[in-house]
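A short write-up of the structure that comes next.
Quick note on labels: first sequence line is chain A, next is B, and so on, each numbered from 1.
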Amino acid sequence: MALEFSWQLPLCDTDGTTPWAHRPEQWIQLAQAVEYAGLDGLWVPGGAQCADSLGVAATLCAHTRRVQLTVSVPPEVMLPAALAATVQSLQSISANRVRLHLPDGEQGSLRQVFGEWLNRDQRHERIGEYLDILTRLLSPGGSEFHYNGRYFQLESAGIARRPLPAPPLLLDDTHDSTLIASHAQTCLLRSRAPNPLQQEIQRLRADAPGLGFACPFALLFRDTEEQAWEAAAAHLETLGIKPPDSTPSLLRLTREHQPVRHFELHPNLWQPRTDHPVFIVGTPHQVATRLQELHGLGIEQIILIGQPAVHEVLRFGEQILPLLAAQGLRKERTQHAE
Amino acid sequence: MPNDPRQPLEIDWFLPTNGDGRHLTSSGLPKVGLFQQGERAPTLDYLRQIVRAAEYGGFDAIMVPTASGFEDPWLITAVLAQEVRRLKFLLTLRPGLELPAYTAHRAATLQLLSDNRLALHVVSGSSRFEQRSLGDFLEHDERYARTAEFLEVFQAVWAGNGQPHHGRYYRSVNSSPIAPAAPAPAIYFGGASEAAERVGAAHAQTHLMWCEPPLLIAERIRRMRELASARGRTLRFGLRLHIFAAPTDDAAWAHVERLLAEIPKDAIDRAQVQMAAYESVGQTRQTRLAEGRGRGARELEVSANLWAGVGLVRGGAGTALVGSYEQVAERIEEYHQLGVDSFILSGFPHLEEAIHLGAELLPLLRRIAGRSQSSSTGPAHTENL
């Protein structure tokens with residue numbers, strides 16, 4: 001199983017101050033860079049602090065030809081049959097490049113912004129019905145059906161279903177594991193160190209042996225290890241985080257007393273803020289080695305972010321993808337495809 | 001009530017997102033599949049040509065419809081807005097399938113993607129069968145009550161007034177702004193029932209009607225103006241219709257005779273049964289125009305140049321203006337004088353006809369409208385959508 005990479009589009013206001021900081025021209029430019037650099041896909045995040053993922057994904061269909069489009073749509077905001085029809089339309093427009101991520105509404109502020117009626121147990125029951133209906137409507141060979149649930153009722157659903165391949169479905173690791181097992185092809189893991197990731201993969205595989213895994217990471221790589229950690233230290237300053245001086249840490253002692261490495265969870269994996277993805281910090285070779293290790297845990301899809309985005313996408317394509325290809329971790333494809 | 005100063009004409013085109021062709025049954029619903037040849041799938045490669053033809057032909061906007069089996073209007077608009085610079089997009093949406101705050105969010109995204117060329121066309125329902133297949137079980141009048149609340153929440157969210165909303169259909173804890181500031185899209189509204197007229201009078205900027213004879217349209221405009229002015233509002237009006245125009249009157253009628261003759265009688269009967277299920281007052285009014293008339297093309301001319309033949313086999317807009325370019329332009333100007341400022345036109349096929357009518361009809365319309373405009377005293381408005 002090859003290791004795939006999707007680049008995450010910067011569609012969201014992550015710090016609550018600059019809504020949708022980037023403009024459509026920049027999204028298009030980045031999407032084309034991702035395709036050119038030989039990555040596999042684009043991750044189009046969704047939610048109240050982001051530009052609408054479906055609209056952005058449709059826009060990018062016209063400017064890309066090959067990359068997968070993973071579209072994140074909060075299932076709270078529209079009826080399952082409406083989402084199914086929209087997703088089928090996106091499959092058609094994109095020539096079947098869609099993957100669908102339904103984020104766990106318990107984790108964000110969606111309900112506050114878009115509106116919701118239900119308590120937690122009801123929401124759990126609702127998402128179960130939602131996924132039942134959605135997956136049936138997206139399976140191309142399915143027949144017409146009636147549905148009489150507590151939250152959703154449909155008559156003659158699927159009558160307008162089109163014979164298009166069902167997009168792979170991704171659910172978060174915070175979703176109920178039986179829901180994941182019965183509906184998802186891939187589970188999106190929270191970014192963390194290899195040990196907890198491995199435990200999480202084992203837990204989820206107990207219910208779903210064939211499940212695939214995806215996980216986000218941020219990239220910070222330079223020609224030398226020293227330069228990479230200097231960049232990490234500079235990033236720490238922009239976050240306004242000061243590493244504690246006196247924490248006794250074996251890692252820190254072995255790392256030449258660099259305080260920035262206080263936040264290193266595992267060699268080259270660095271997490272200054274627990275609400276942000278883990279950074280992979282180091283040289284191209286170190287990054288490739290770490291990606292290989294993550295792949296060995298069972299992760300087949302890495303969602304990447306990095307700044308400045310176009311610059312980092314091309315460096316990743318030119319400096320890291322060839323190393324992974326040499327290890328046999330990439331599907332056969334020439335770099336700078338097409 | 002005098003209508004002056006007359007607003008400039010807004011002439012829009014239609015995007016056939018469930019297929020297109022030369023026949024009366026090629027676009028729209030019900031899809032009857034009568035013709036094997038020359039039916040065009042609504043691929044991006046086809047639709048983008050229509051959008052370009054509409055832009056170059058001088059149309060102001062293009063209506064993007066919605067129904068089961070149509071390409072998604074939000075996605076299609078996001079893609080096709082990249083193809084052209086000036087053309088606006090009149091996107092059809094149905095409240096009831098998604099939350100109004102999300103609709104506001106999507107609309108704000110499209111405003112950003114299209115450089116503020118979005119307008120919204122709000123329709124409250126279709127057939128009971130289609131509604132229920134999507135999971136919407138509200139009956140007709142309740143759907144309009146929900147539409148009213150939907151539009152209230154939509155506008156509150158857009159304005160970002162921060163108030164919690166506790167309504168009958170929607171509830172949210174806050175309505176703080178969810179998007180960068182963008183101009184709110186104009187609301188076009190369709191519906192001919194009493195329930196629809198009340199909601200339109202309260203919430204729409206432009207009230208849309210399928211085309212009927214001038215007397216009937218004048219009566220509806222009068223009624224809607226009363227309803228709106230009772231709320232201290234003013235309304236614009238729009239007509240949705242098909243066009244069969246040719247250099248001569250005879251050529252245009254000969255064309256629709258051919259189009260009608262190729263439709264078998266049983267196909268007409270089947271389509272009429274399907275349309276009867278639409279629970280739509282507007283649909284009933286369209287169907288009734290052809291009732292009791294013969295099936296010869298000229299027998300279906302229900303007022304000068306207005307032909308009810310399309311409605312025999314096609315749901316929704318069932319009337320067409322048929323005639324020479326001059327006749328069609330004069331009829332449109334007559335509706336304009338009654339108070340209609342927006343005309344959303346179709347012709348089959350939509351690609352060739354956008355080019356054809358853009359070249360032959362639109363210059364004539366602009367000239368005639370310009371003449372009657374310069375004879376009135378008011379200032380011309382340039383922003384009309």
Close side-chain approach of [X] and [Y], heavy atoms under 4.5 Å:
{"X": "B/R106", "Y": "A/M78", "result": "yes"}
{"X": "A/I93", "Y": "B/I76", "result": "yes"}
{"X": "A/I159", "Y": "B/S68", "result": "no"}

Legend entry - B/T109 side chain to A/D52 backbone, donor-acceptor under 3.5 Å: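 Answer holds: yes.
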Legend entry - Side-chain (A/S89) to main-chain (B/E71) donor-acceptor, under 3.5 angstrom: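 Here the side-chain-to-backbone pair does not exist.
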Got a second to check how far [X]'s [atom1] is from [Y]'s [atom2], nearest 0.5 Å?
{"X": "A/T59", "Y": "B/Q82", "atom1": "OG1", "atom2": "CD", "answer": "4.5 Å"}
{"X": "A/L54", "Y": "B/Y102", "atom1": "CG", "atom2": "OH", "answer": "4.5 Å"}
{"X": "A/S92", "Y": "B/L75", "atom1": "OG", "atom2": "CG", "answer": "9.5 Å"}
{"X": "B/R132", "Y": "A/E155", "atom1": "CZ", "atom2": "CD", "answer": "5.0 Å"}

Inset, instruction - Please name all residues satisfying ring pair (Phe, Tyr, Trp, His ring centres under 6.0 Å) with A/W43, sequence neighbours left out, ordered by chain then number. - result: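 A/W43: ring pair (Phe, Tyr, Trp, His ring centres under 6.0 Å) contacts with A/H101.
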Legend entry - Any residue meeting ring pair (Phe, Tyr, Trp, His ring centres under 6.0 Å) with A/H183, in chain and number order, not counting sequence neighbours: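 For A/H183 there are no ring pair (Phe, Tyr, Trp, His ring centres under 6.0 Å) partners, ignoring immediate neighbours.
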Legend entry - chain B contact via A/I28 - which portion, at a heavy-atom distance below 4.5 Å: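 Only the side chain of A/I28 comes within 4.5 Å of chain B.
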Legend entry - A/H63, NE2: over 12 other non-hydrogen atoms inside 6.0 angstrom: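 More than 12 within 6.0 Å, yes.
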Inset, instruction - State whether the number of non-hydrogen atoms from other residues, nucleotides or ligands found under 6.0 Å of A/E129 atom CD is greater than 12. - result: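 Buried by this count: over 12 neighbours within 6.0 Å.
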Legend entry - Contact class of B/L110 relative to chain A, heavy atoms under 4.5 angstrom: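 It is neither, since no heavy atom gets under 4.5 Å.
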Inset, instruction - Between chain A and each of B/L44, B/D72, B/V79, count heavy-atom pairs under 4.5 Å; write down the option with the most. - result: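 Most heavy-atom pairs within the cutoff with chain A belong to B/D72.
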Inset, instruction - Go through B/A78, B/S133, B/A67, B/G69 and name the one with the most non-hydrogen pairs under 4.5 angstrom from chain A. - result: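 Of B/A78, B/S133, B/A67, B/G69, B/S133 has the most heavy-atom pairs under 4.5 Å with chain A.
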